[in-house]
Amino acid sequence: MKFSYPFLRKLFPGMPPKEKTAELLNMRAFEVESVEGDTMDIKLPANLYSSHASHAGIAREVAAVMEQKFAYRAAKRDHEADAPAHRGLLTVRVDDRAACPRYAVRVFDLPKVGMSPKEIQRALVDCGLKPINAVVDIMNYVMLETGQPLHAFDYAKLAGARGAGQAKTIVVRRAKKGETIETLDGQAMTLDPAVLVIADAAAPQAIAGIKGGAASGVDAATRRIVVEAANFEPIGILTTSRRLKLPTDAAIRFSHGMSPALVDWGIARATELLLEAGATLIDAADIASTKPAEEKMEFDCARYEALIGAPVEPRTARLRFERLGFVCDEPKKGNGGAAKFTVRIPPWRTDIENMEGLIEEVARLEGYDTLPVKAPVFSILPAADDDTVALKTKVRTVLAHLGLSEAYSSSFLGPHDLAGAYDESALTGPENPVSEDKKYLRPSLIPLLRTAARLNMRFFDRAGIFEVGKVFTKEGGKVRERLSLGIVLAEKRNPKVALELKGIVEALFEGLGVDDVFMNEDAAYPGRGIVVRSDGKTLGTIRHADAEKQWSSWAAEFDLERVLTATEEGKEYVPLKRFPAVMRDLSVLVAREVRIGDAMEKIEEASPVLIENVDLVDEYQDEKLGGRQSLTFRIVFQADDRTLTDAEVNGEMEKITVALRSAFRAEVR
Amino acid sequence: MEDIAKIKQAFLKGLGGAKDRAALEALRVEYLGRKGKLTLILRSLGGMVLEEKKKIGPAAQALRKEFEELLSNHEAVAKEGASAPHAAIDLTAPGRRFSRGHLHPLTQVEDEIRRIFASMNFSVVEGPEVESEYYNFDALNIPAGHPARDMWDTFWISRGAKKSTENLLLRTHTSPVQIRYMEAHEPPFQIIVPGRTFRYEATDASHEINFDQLEGLVVGKSITLANFKFVVEAFFEKFFKGRKIEFRYRPSYFPFVEPGIEVDIKIAGGKWLEIMGAGMVHPRVFEYAHYNPHEWQGFAFGIGIDRLAMIKYRVPDIRLFYSGDLRFINQF
């Protein structure tokens with residue numbers, strides 16, 4: 001919110017230079033975002049509009065920070081007494097008391113409407129407002145000074161009720177469906193009952209608390225005005241100003257909740273300025289539902305120390321409150337010996353709701369910098385991280401050890417990223433996406449990892465990337481959020497990327513302590529997909545991703561919550577083998593259709609006790625072999641209780657050859 | 001046994017005189033070939049008396065092993081350069097290249113943060129990214145219709161045809177986990193909550209629509225604002241180890257704390273950096289979590305992990321973190 005520095009200094013002559021003022025506010029009150037020329041832009045906290053969305057409020061704050069006296073009075077004397085209470089020029093009715101707790105009006109006769117004094121104009125310009133004419137400028141100037149928004153109607157342009165003689169009518173009511181208004185800035189609006197309006201006997205003349213209507217606007221010919229100072233319920237103003245896209249200065253103030261007490265300041269100050277400009281007060285009305293009760297609280301110095309961690313002198317605390325406009329009683333010793341005193345909260349301080357609110361006022365003015373730094377006494381209950389936290393760390397560590405690098409990608413993606421691979425009706429996304437290409441929440445980590453792999457293949461021969469993150473789908477109308485692991489491996493001129501990724505996945509699960517991982521060809525993606533299971537549960541898949549001229553890529557994705565349930569806690573030492581292993585290579589010729597996995601399974605079955613490990617060390621196919629392929633397996637035999645003899649191993653090898661021969665008509669080379 | 005010693009001597013002599021691979025091979029055949037001198041001894045073991053066998057057997061076996069090793073080592077040298085057997089390796093040649101996997105800089109920063117807080121006995125907990133309006137706003141004392149909600153530009157989740165009773169959104173901060181944790185746990189405790197958060201705003205060098213945040217919450221009987229200062233200063237001093245850190249505390253406003261505080265730091269005499277929002281937990285937040293606010297008090301704080309990483313590694317643009325570009329990631 002913009003404030004005029006000369007205006008502030010006029011209210012509080014002790015105001016230090018601009019930069020110093022900004023620094024004081026920054027350190028003790030709230031942030032001054034910028035100082036440009038005479039304009040200070042202040043980031044006003046949302047709960048301080050009633051008290052500080054005014055030059056009087058800021059001046060009071062600066063004085064309090066500087067520990068100086070400052071008492072704001074809106075007008076030297078309130079001229080209400082001069083106003084003949086209801087001379088009958090105007091009848092005022094508030095239909096919706098909840099939406100409008102206070103509605104005050106005064107009627108003035110004017111000599112003529114010219115331009116306002118330079119000083120007022122300058123203050124308006126500093127605050128980003130345009131000077132219009134003496135009357136409108138006074139309304140705005142008083143709002144800037146007191147925080148109370150005001151509005152002036154041209155009395156002559158208002159309609160009175162039939163049969164009411166000369167009297168004009170003002171009604172605060174809900175708009176009727178289809179009623180229209182042209183605002184002061186020329187926008188035509190169609191209204192409905194959700195909108196609160198200020199109407200005359202015939203039609204809406206203003207959108208309450210937001211914007212005046214053009215029909216009753218003040219112009220050079222205006223000779224009699226109705227000045228309104230009212231209070232409106234915040235949520236209604238916020239809703240309406242958003243819906244009608246009218247974030248006016250008045251609407252912004254009212255939607256933050258202003259104290260109805262500000263009406264007194266606003267109307268008094270406006271009266272004073274109008275009288276100074278030669279106007280005559282000729283009528284007045286004030287409809288207040290209930291006077292807000294005076295709020296009192298007991299400030300307890302012991303409670304302050306308990307929350308802040310440092311004591312405060314009762315006298316100091318009292319002074320801090322008084323400079324902010326609170327009224328305090330003499331501090332008394334309480335039962336525990338600590339001082340307490342009663343604090344009367346000024347009506348404009350709508351933000352103070354509890355003891356902590358009072359404590360904050362003293363603490364911030366004392367300065368958080370001056371507060372001691374004290375080591376806390378913590379509970380020594382052992383810290384316990386969520387299981388997923390530990391799992392994620394382990395996954396990341398293992399994959400990095402395997403040479404993969406970690407990416408973070410956007411949680412959002414668009415139809416283009418999905419490349420038709422996902423059912424868009426099962427996706428979820430924001431109501432208000434930033435763009436079409438970010439309209440969905442990612443259902444999988446793979447699409448954007450593939451994009452990243454593609455980017456990286458412009459610079460590298462190989463890109464192994466993974467990401468751990470949340471993915472989202474819609475299931476039965478509900479949003480389902482899962483923790484996922486995605487891996488994409490891309491490499492140039494490597495026809496076996498799939499097997500490399502498969503090896504990475506095997507090593508990963510071994511590293512995580514997931515036993516009994518089974519990898520089977522995915523029936524839905526023959527030759528292009530593997531399903532990874534453990535204990536009957538699908539953990540995820542490995543699938544073909546991209547095939548380019550230069551490179552190809554495969555992708556794996558796993559549900560980490562499922563992986564978590566499959567993870568065994570703690571490993572157990574297995575005694576080292578005491579007897580040597582015997583290694584034999586076996587080369588066979590089999591038909592190309594024979595699956596390597598099947599052949600290896602057959603080998604293990606043929607010698608289930610003595611085989612320690614089977615691996616494929618060579619495979620090739622060429623024309624000389626006809627329709628066959630040559631496979632070389634390396635078989636390791638080992639026994640727990642003895643050194644295997646040649647004869648024993650030969651016997652096992654024989655069993656294996658027989659098994660391969662009968663199963664695949666294999667020919668040993 | 002004498003034979004064995006003699007054989008060894010003769011072998012070593014032959015080895016010393018071998019100049020090339022052919023000579024080495026001849027030596028191998030002479031001793032280890034089918035009719036080699038050592039082979040013959042090994043074969044003869046079968047005909048020996050047990051006592052002799054026990055003595056000679058292991059010695060002959062060991063010698064065979066030794067010969068094999070000597071030959072193969074010699075061979076290796078011969079391969080390197082038969083004409084210059086003592087030529088050294090050119091150590092100015094590049095080392096073999098290994099590619100190492102890299103953890104994302106944000107992961108590394110998060111790990112570091114967790115390590116520091118773990119040393120102060122904080123637990124790490126997490127929460128959902130798609131959150132209800134209740135946990136993200138209402139229970140944090142940010143009621144509907146309150147202009148304070150404007151402090152968080154929110155992505156609301158579209159509910160499609162099926163209207164659910166609860167409004168869903170992408171959490172705008174990690175603070176909802178405060179309520180979730182308190183609902184399920186008894187105080188006292190210390191937790192940190194790292195996680196992805198979302199803001200509906202324009203993307204630029206310092207703003208992303210998704211980013212990573214860290215929440216902290218400490219609740220106890222006598223936790224004070226002075227305690228908060230201790231924890232936060234201990235954290236930053238460890239995090240920016242070896243660099244001089246100055247702290248500045250300013251009043252601020254977040255509806256879920258009272259008093260509310262902003263922490264700025266200055267690293268090694270640089271500029272002041274806004275780094276953290278914090279404060280004492282608002283009594284109403286305790287009420288929402290069904291804690292008695294007269295019995296418990298504590299502090300909460302929030303830091304941007306991205307922002308810390310940008311400062312720590314001097315990364316100028318937040319978008320680099322989410323680019324998936326290995327030229328960037330592999331620098332860390």
Side-chain angles (χ1 to χ4, degrees), chain A residues 26-30 45-47 235 238 255-256 307-310 354 356-357 360 363-364 368-369 371-376 378-380 383-386 388-389 396 399-411 428-432 434 452 455-456 459-460 463 470 472 477 479 481, chain B residues 99-104 106-107 118 121-126 128-130 145 147-148 151 155-158 160 162 164 168 170 188-190 196 198 200 209-210 220 222-227 229-231 233 248-251 253 258-259 261 280 282-283 297 321-322 324-327 329-330:
Chain A
N26 274 329
M27 294 309 297
R28 296 287 187 265
F30 29 68
N47 62 339
I235 294 179
L238 181 71
S255 60
H256 282 80
L307 191 71
I308 299 298
N354 50 30
E356 285 74 11
E360 179 167 31
R364 70 175 175 89
Y368 296 124
D369 279 330
L371 195 62
V373 174
K374 281 189 190 162
F378 276 172
S379 114
I380 58 154
D385 297 351
D386 278 0
T388 46
V389 173
R396 286 168 165 149
L399 288 175
H401 285 166
L402 291 168
L404 278 77
S405 288
E406 186 185 20
Y408 278 34
S409 43
S410 174
S411 295
T428 182
E431 251 171 27
N432 49 338
V434 286
L455 162 80
N456 286 302
F459 311 110
F460 300 95
K470 293 287 184 70
F472 308 86
V479 177
E481 178 174 335
Chain B
S99 68
R100 165 174 84 83
H102 297 261
L103 291 178
H104 195 280
L106 294 178
T107 295
N121 206 35
F122 280 67
S123 300
V124 185
V125 300
E126 298 188 317
E129 290 176 12
V130 169
M151 292 164 75
F155 280 113
W156 295 90
I157 294 292
S158 83
K162 201 166 181 174
S164 67
L168 294 179
L170 289 168
F189 60 77
Q190 302 86 236
R196 187 167 279 200
F198 305 84
Y200 178 81
I209 56 173
N210 49 222
S222 56
I223 300 297
T224 66
L225 199 57
N227 293 156
K229 284 180 74 169
F230 177 89
V231 169
E233 293 188 9
R248 193 167 77 174
Y249 299 86
R250 293 181 288 114
Y253 171 66
E258 193 171 41
I261 295 208
M280 300 303 289
H282 197 288
Q297 61 187 47
F321 290 127
Y322 302 93
D325 192 332
L326 292 178
R327 291 172 302 165
I329 294 163
N330 290 355

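All chains are named by letter (A, B, ...) in the order of the sequence lines, taking the proteins before the strands, and each is independently numbered beginning at 1. Heavy-atom basis, side chains included; hydrogens, waters and symmetry copies ignored.
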Ring geometry between B/H104 and A/Y408 (parallel below 30°, tilted from 30 to 60°, perpendicular above 60°): parallel
A/D369 portion near chain B, given a 4.5 angstrom heavy-atom threshold: both
Residue, of A/S255, A/A407, A/G403, that accumulates the most heavy atom pairs under 4.5 Å with chain B: A/G403
Test item: A/D386 side-chain N/O and B/E126 main-chain N/O as donor-acceptor pair under 3.5 Å: yes
Heavy-atom closest pair, residues B/G324 and A/N456: O-ND2, 2.8 Å
Portion of B/P188 that has a non-hydrogen atom of chain A nearer than 4.5 angstrom: both
Side-chain H-bond candidate by donor/acceptor type, A/D385 with B/S123, under 3.5 Å: no
Residue B/I329 versus chain A: region with a heavy atom under 4.5 Å: side chain
Over-ring placement of B/R250 relative to A/Y368, 6.0 Å and 45° cut-offs: no
Main-chain N/O of B/V130 paired to A/E481 side chain as donor or acceptor, under 3.5 Å: yes
Closest non-hydrogen atom pair between A/P430 and B/F155, with its separation: CB-CD2, 3.5 Å
For chain A, the option from B/D325, B/N330, B/I223 that forms the most heavy-atom pairs under 4.5 Å: B/D325
Residue part contacting chain A, namely of B/Q190, when any heavy atom lies under 4.5 Å: side chain
Which portion of A/H401 sits near chain B, non-hydrogen atoms under 4.5 angstrom: neither
Side-chain (B/N227) to main-chain (A/K374) donor-acceptor, under 3.5 angstrom: yes
Best-contacting candidate, A/S409, A/S405, A/A310, A/G429, against chain B by heavy atom pairs under 4.5 angstrom: A/S405
Contacting region of B/R248 [heavy-atom separation from chain A under 4.5 Å]: both
When B/M151, B/M280, B/R196 are compared by non-hydrogen pairs under 4.5 Å with chain A, the top option: B/R196
Interface moiety of B/L326 toward chain A, non-hydrogen atoms closer than 4.5 Å: both
Criterion side chain to side chain contact (heavy atoms under 4.5 Å, CB included) on B/H102 and A/L404, from CA distance to verdict: CA-CA 7 Å; B/H102 297 261; A/L404 278 77; over 6 Å; no
Region of A/T428 that comes under 4.5 Å of a non-hydrogen atom in chain B: side chain
Toward chain B, the part of A/L238 with a non-hydrogen atom under 4.5 Å: side chain
Intermediate values then yes/no, side chain to side chain contact (heavy atoms under 4.5 Å, CB included), B/Q297 and A/L307: CA-CA 8 Å; B/Q297 61 187 47; A/L307 191 71; 3.9 Å; yes
Which atoms of B/F321 approach chain A - backbone, side chain, both or neither, heavy atom under 4.5 Å: backbone
Distance, nearest 0.5 Å, that separates CD of B/E129 from CZ of A/F472: 4.5 Å
